[in-house]
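Here the structure is a predicted model, which is why all the values come from computation and not from measurement.
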Amino acid sequence: AFNDDPSRRRTSIEGRFGGCVRHTDNYSKRHSIKKLMGNLSTVDTVDGKYQYAMWLTGQAWPAKQQREEIVKNDTNEVDDNIKLAKTLLQEAASAKHPAAMYFVGTRFHLRSGGDLALALQYISEAASYNYAPAEYRLGQMLVESPMVERNEHQALFWFRSAADKGIFPAKIKAIELLLFSQDSSVRNVPEAIEMLEGVQSKNTNHPDYHYLLAFSYKDRSDKDWSKFFRHLEKAVYLAQMKNWDDSEWHEQYLHYLQGD
């Protein structure tokens with residue numbers, strides 16, 4: 001199984017190679033980076049290629065000021081790192097590394113305006129390896145992308161799977177489908193309520209959680225309008241605290257309050 005946790009990747013790399021990127025002196029920093037790159041470039045496993053590529057992308061796209069400090073005397077270093085990272089990621093993706101397939105699909109094809117069909121292929125294959133970020137992204141594409149045929153059944157499957165692996169946004173998307181789908185074979189209010197009850201306490205102050213909880217009280221067999229308004233009002237308040245556009249939720253609140 002591949003571990004894509006960034007903190008563990010960083011700890012692993014620094015532990016193996018002495019944490020040599022911590023110098024503050026610019027010359028020492030550049031020298032240490034080159035030394036670290038040389039050590040990492042000997043890694044020839046599939047996961048090693050992926051980890052090295054991800055390390056390179058972190059060096060290739062730092063904050064502008066940091067980039068200027070690190071490479072001001074090595075003008076071609078960043079471009080070379082990007083090219084090498086792309087090559088390694090493509091090799092790892094071709095070897096069916098789930099995280100690499102996801103990265104190639106999203107960064108090389110989806111976000112950059114590339115080949116959508118190829119992006120969908122990479123993301124779908126990564127999802128088939130139970131890679132949770134890919135499962136969530138695939139679910140999104142199946143219900144949100146105008147270029148992909150909408151399929152709520154498949155989207156719900158992937159959202160459920162990603163939610164089971166701890167991806168909170170996937171749980172939110174699954175609950176949305178279960179509450180609001182116009183397809184009676186997808187809509188399932190009792191399951192939505194069960195999923196809402198399973199939301200971890202750290203996420204119970206999220207605007208989406210209170211919005212969906214509000215509508216669960218409206219749509220369940222024993223309607224509770226007081227709890228509906230209470231949670232919808234809290235959803236609007238929390239959305240405002242996050243500077244979200246809460247206009248639609250606010251209009252819904254007024255709509256139901258006026259009994260329209």
Side-chain angles (χ1 to χ4, degrees), residues 102 106 120 123-124 126-260:
Y102 176 70
T106 55
L120 185 60
I123 294 169
S124 297
S128 72
Y129 280 81
N130 299 315
Y131 186 62
E135 293 176 328
Y136 171 57
R137 179 57 65 90
L138 181 56
Q140 282 185 303
M141 294 176 73
L142 288 166
V143 291
E144 296 177 4
S145 174
M147 305 301 292
V148 176
E149 184 178 356
R150 185 178 178 87
N151 190 319
E152 292 184 349
H153 285 276
Q154 289 185 16
L156 183 57
F157 171 83
W158 293 116
F159 286 144
R160 281 173 174 151
S161 184
D164 287 343
K165 297 178 181 68
I167 306 296
F168 176 67
K171 177 169 284 192
I172 288 296
K173 290 295 183 182
I175 295 169
E176 283 182 1
L177 283 175
L178 293 168
L179 284 176
F180 302 133
S181 176
Q182 298 301 308
D183 185 340
S184 60
S185 65
V186 173
R187 196 168 188 270
N188 189 327
V189 175
E191 184 182 350
I193 294 170
E194 184 178 350
M195 293 187 76
L196 283 164
E197 290 173 348
V199 170
Q200 295 181 6
S201 59
K202 66 180 180 180
N203 293 317
T204 54
N205 270 330
H206 193 283
D208 284 327
Y209 167 77
H210 285 280
Y211 178 78
L212 296 172
L213 188 59
F215 278 88
S216 79
Y217 281 112
K218 181 183 79 69
D219 293 338
R220 62 184 71 193
S221 56
D222 52 339
K223 290 180 174 57
D224 191 325
W225 287 104
S226 65
K227 290 183 179 179
F228 167 78
F229 285 113
R230 183 199 313 163
H231 287 285
L232 188 52
E233 184 176 357
K234 187 165 185 178
V236 171
Y237 168 76
L238 291 171
Q240 291 172 346
M241 293 299 99
K242 291 179 175 289
N243 292 318
W244 289 10
D245 179 5
D246 67 322
S247 55
E248 182 180 352
W249 292 1
H250 187 68
E251 288 175 6
Q252 288 178 321
Y253 180 86
L254 294 177
H255 169 82
Y256 285 104
L257 188 64
Q258 295 165 2
D260 294 340

Do the non-hydrogen side-chain atoms of [X] and [Y] ever get within less than 4.5 Å of each other?
| X | Y | answer |
| --- | --- | --- |
| F159 | E176 | no |
| L179 | V189 | yes |
| Q252 | Y211 | yes |
| L238 | Y209 | no |
| L138 | L120 | yes |
| L142 | H153 | no |
| W244 | D208 | yes |
| K223 | F228 | no |

Between Q200 and F168, does the side chain to side chain contact (heavy atoms under 4.5 Å, CB included) criterion hold? Intermediate values first, please. CA-CA 9 Å; Q200 295 181 6; F168 176 67; over 6 Å; no

Using the rule given for side chain to side chain contact (heavy atoms under 4.5 Å, CB included), can you reason through Y217 versus R230, listing the C-alpha separation, both sets of side-chain angles and the distance that settles it, and then say yes or no? CA-CA 10 Å; Y217 281 112; R230 183 199 313 163; over 6 Å; no

Does R160 make a cation-pi contact with F157 (under 6.0 Å, within 45 degrees of the axis)?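 No, cation not above the ring by the 6.0 Å, 45° rule.
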
For a quick test of reading the model, state the closest non-hydrogen atom pair linking [X] to [Y] and the distance between them.
| X | Y | result |
| --- | --- | --- |
| A132 | A162 | O-CB, 3.8 Å |
| A163 | A170 | N-CB, 3.8 Å |
| A126 | Y102 | CB-N, 4.0 Å |
| A155 | G139 | CB-O, 3.6 Å |

Look up atom [atom1] in [X] and atom [atom2] in [Y], then write down how far apart they are to the nearest 0.5 Å.
| X | Y | atom1 | atom2 | value |
| --- | --- | --- | --- | --- |
| Q140 | I123 | CD | CD1 | 9.5 Å |
| S216 | M195 | OG | CE | 13.0 Å |
| I167 | R137 | CD1 | CZ | 12.0 Å |
| N151 | M141 | CG | CE | 13.0 Å |
| L178 | D219 | CG | CG | 12.0 Å |
| H206 | K242 | NE2 | NZ | 5.5 Å |

Going by an N to O cut-off under 4.0 Å, is there a salt bridge joining D183 and R150?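 Salt bridge flag = no for R150 with D183.
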
Taking side-chain hydrogen bond (donor to acceptor under 3.5 Å, both in side chains) as the test, write out the residues that go with H210, two or more places apart.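 side-chain hydrogen bond (donor to acceptor under 3.5 Å, both in side chains) list for H210, sorted by chain: H231.
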
Quick check on H250: does its NE2 atom have over 12 non-hydrogen neighbours (other residues, nucleotides or ligands) under 6.0 Å away?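 Open.
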
Just checking Q240: does its CD atom have more than 12 heavy atoms from other residues, nucleotides or ligands closer to it than 6.0 angstrom?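 More than 12 heavy atoms, drawn from other residues, nucleotides or ligands, come within 6.0 Å of this atom.
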
Any side chain to side chain donor-acceptor pair (under 3.5 Å) involving residues 162-171? Give me the pairs, sequence neighbours left out, ordered by first then second residue.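 Matches after skipping sequence neighbours: E135-K165, S161-K165.
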
Assess the residue pair E144 and K173 against the criterion (side chain to side chain contact (heavy atoms under 4.5 Å, CB included)); give the C-alpha distance rounded to whole Å, side-chain angles, the decisive distance to 0.1 Å, and a yes or no. CA-CA 11 Å; E144 296 177 4; K173 290 295 183 182; 2.9 Å; yes

Scan residues 177-197 for pairs that pass ring-ring contact (aromatic ring centres under 6.0 Å, His included), counting only residues two or more places apart or in two chains.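 Every ring-ring contact (aromatic ring centres under 6.0 Å, His included) pair that includes a residue of residues 177-197, provided the two are not neighbours, is F180-F215.
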
Would you check, one step at a time, whether the test side chain to side chain contact (heavy atoms under 4.5 Å, CB included) holds for K234 with N205? CA-CA 9 Å; K234 187 165 185 178; N205 270 330; 3.5 Å; yes

